[in-house]
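Just so it is clear, the model here is predicted, and its values are computed rather than measured.
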Amino acid sequence: MSFWIAATCLALLVLVPFLLPALSSAVLAPAAHPWSRRERITLLLAAVLLVAAAALVYRHLGAASDVRLYRELQAMPAEAMTPESPQWQSLLVRIAARSAERPANHGYLRLLAEDAAAREDWVAANGYYQQLAELSGHDPDVEALWLTARFMAANRQIDDTLRQDMEALLSLDPAQASVRGMLGMDAFAKAQYGEAISHWQQALKHLPPNDPVAAMLKQGVTRARLALGESLPVLRIEVPRPGLADPLPADSTVFVFVSLEGQRMPLAARKLALSQLPLVLELGEADVLGGQSWPVQAGRLRVSARLVPAGAVGGEVLWEAASDWQPAPVGNATVVLSPVTPQAAQKSR
């Protein structure tokens, strides 16, 4: 139906400029030009022929193919859009063929680029993202995706040309954390640990709280500091084993939190299996959440451990152990957690 609507609209765009003078003379001044039966039939045939011609042009230009591909994309369930899905790969073959006919179509190129990246075919992804970057006028976000594909296609190596392009993008848009992350990886691989730390810390400034990439970058910073021989402050925490009368679910999980007074989000956290308890663990900079600072230089801290079913952070608390509030700073201290009563646990939350 949409095909014929589009064809009719296209015909009208062509037909209206020719019809208006005739219609105006027929409606506004019918006596000046009386229409014969033959003229009316000729006008009607002309209109039909224009609609048919518009339909042929529409098909020739291939817009109908785009409509069919769009409908198939809309109808395909999200779970089927994976590299392992034959249905998805079959559709992508046709999208690739159509993209070759219409190389300026952003939507096709992005689908092909994302699929290539998901399959870790970085050479193909590099080509698609390059086309997208050029079509977008080198939009910073698209440019960052292209640089990532180039980096991965080069087996995570950065040559002079790639480095210059990365630095040029950062000079225009310093918030491109992925580019900082890649420069830090390259520096770390070359044992340039100070440079790696600098890049990763800059990247952390532009990542949202609880971003999984931020956690990876903080672990990288910790490894780089250790490689430099730095002694990083840690908090040693003695976590007892729950002494509950009722049997505990097999999938129960223990979360250990370090909280800074006055802040809702924990400062640091670690997930443990119930089978690991009792345990003395060390929390440090790599466990800090959301770009917060470690070690803490002011304020009061509290450490707690919560047992929840099925590993759900916000689930029902089956058991809790906690410390008293203690003054900062954090640094090579040992905190012993004591089980709290249900009433005390309720007050502490």
Side-chain angles (χ1 to χ4, degrees), residues 81 83 99 103-228 265 285-294:
M81 297 182 180
S99 180
N105 188 299
H106 291 237
Y108 291 151
L109 286 172
R110 184 169 288 276
L111 283 171
L112 294 169
E114 291 175 352
D115 175 73
R119 291 185 289 103
E120 297 186 356
D121 184 354
W122 294 109
V123 174
N126 177 23
Y128 292 131
Y129 279 124
Q130 180 179 3
Q131 294 178 68
L132 278 170
E134 292 169 353
L135 288 172
S136 69
H138 294 279
D139 175 87
D141 291 335
V142 181
E143 191 83 3
L145 292 171
W146 179 29
L147 292 173
T148 301
R150 289 170 62 185
F151 175 72
M152 299 301 291
N155 197 25
R156 306 190 182 194
Q157 301 295 315
I158 298 180
D159 59 17
D160 292 340
T161 302
L162 182 54
R163 183 178 299 277
Q164 289 171 6
D165 291 344
M166 287 179 168
E167 291 174 351
L169 178 59
L170 289 173
S171 67
L172 294 174
D173 187 2
Q176 292 296 337
S178 62
V179 179
R180 289 282 186 193
M182 289 183 287
L183 288 169
M185 290 172 63
D186 181 69
F188 188 91
K190 295 175 180 176
Q192 298 169 349
Y193 302 118
E195 183 178 343
I197 291 170
S198 176
H199 283 303
W200 288 334
Q201 287 180 333
Q202 288 293 322
L204 286 168
K205 293 179 181 179
H206 301 290
L207 289 173
N210 298 325
D211 189 301
V213 176
M216 294 173 59
L217 292 181
K218 284 184 286 189
Q219 291 175 2
V221 169
T222 299
R223 291 197 302 271
R225 286 182 171 173
L226 290 171
L228 287 172
M265 185 172 74
E285 189 172 28
D287 302 293
V288 176
L289 303 175
Q292 301 179 81
S293 298
W294 185 278

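Side-chain contact check for His199 versus Glu195: some heavy-atom pair is nearer than 4.5 Å. Between Tyr193 and Arg225 there is no side-chain heavy-atom pair separated by less than 4.5 Å. Using a 4.5 Å heavy-atom cutoff, the side chains of Leu109 and Ser99 are in contact. The shortest side-chain heavy-atom distance between Arg163 and Asp186 falls under the 4.5 Å cut-off. Side-chain contact between Leu145 and Arg110 is present, with heavy atoms from C-beta onward closer than 4.5 Å.
Taking every heavy atom of both residues into account, Ala203 and Arg180 meet most closely at CB-CB, 3.6 Å. The two residues Leu217 and Gly181 make their nearest non-hydrogen contact at CD2-CA, 4.4 Å. For Tyr128 against Ala113, the heavy-atom pair with the smallest separation is CB-CB, 3.6 Å. Ala168 and Ser171 make their closest contact through O-OG, 2.5 Å (heavy atoms, listed as atom of the first residue, atom of the second, distance). The shortest non-hydrogen separation linking Ala125 to Ala116 is N-CB, 3.6 Å. Nearest heavy atom pair, residue Ala196 against residue Ala187, reads N-CB, 3.7 Å.
Looking at residues two or more places apart in sequence or on another chain, you find a side chain to side chain contact (heavy atoms under 4.5 Å, CB included) between Thr161 and Arg150, Asp159, Asp165. Under the salt bridge (charged side-chain N to carboxylate O under 4.0 Å, His left out) criterion, Lys205 pairs with no residue at all, not counting sequence neighbours.
The OG1 atom of Thr222 sits 10.0 Å away from atom CH2 of Trp200, with the distance rounded to the nearest 0.5 Å. Separation of atoms CD (Gln130) and CG (Leu135) is listed at 10.5 Å; rounding is to 0.5 Å. With rounding to the nearest 0.5 Å, the separation of CG in Leu289 from NZ in Lys218 is 5.5 Å. Atom CE of residue Met182 and atom CD of residue Gln157 lie 13.5 Å apart, to the nearest 0.5 angstrom. Of the inter-residue distances, the one linking Glu143 atom CD with Glu134 atom CD reads 9.0 Å to the nearest 0.5 angstrom. We find the CG-CE distance between Asp121 and Met152 to be 12.0 Å, quoted to the nearest 0.5 Å.
Here the side chain of Thr148 pairs a donor or acceptor atom with the backbone of Ala144 at under 3.5 angstrom. Remark: the backbone N or O of Ala117 is not paired with any side-chain donor or acceptor of Trp122 at under 3.5 angstrom. Judged by distance alone, with hydrogens and angles left aside, the side-chain atoms of Asp139 form a donor-acceptor pair with the main-chain N or O of Asp141 at under 3.5 Å.
Tested against Phe151, the residues Asn126, Ile158, Leu183 include a single side chain to side chain contact (heavy atoms under 4.5 Å, CB included) partner, Ile158.
Note: Trp146 and His138 have tilted aromatic rings, judged against thresholds of 30 and 60 degrees for the angle between ring planes.
The number of heavy-atom neighbours closer than 6.0 Å to CZ of Arg119, taken from other residues, nucleotides and ligands shown, is above 12.
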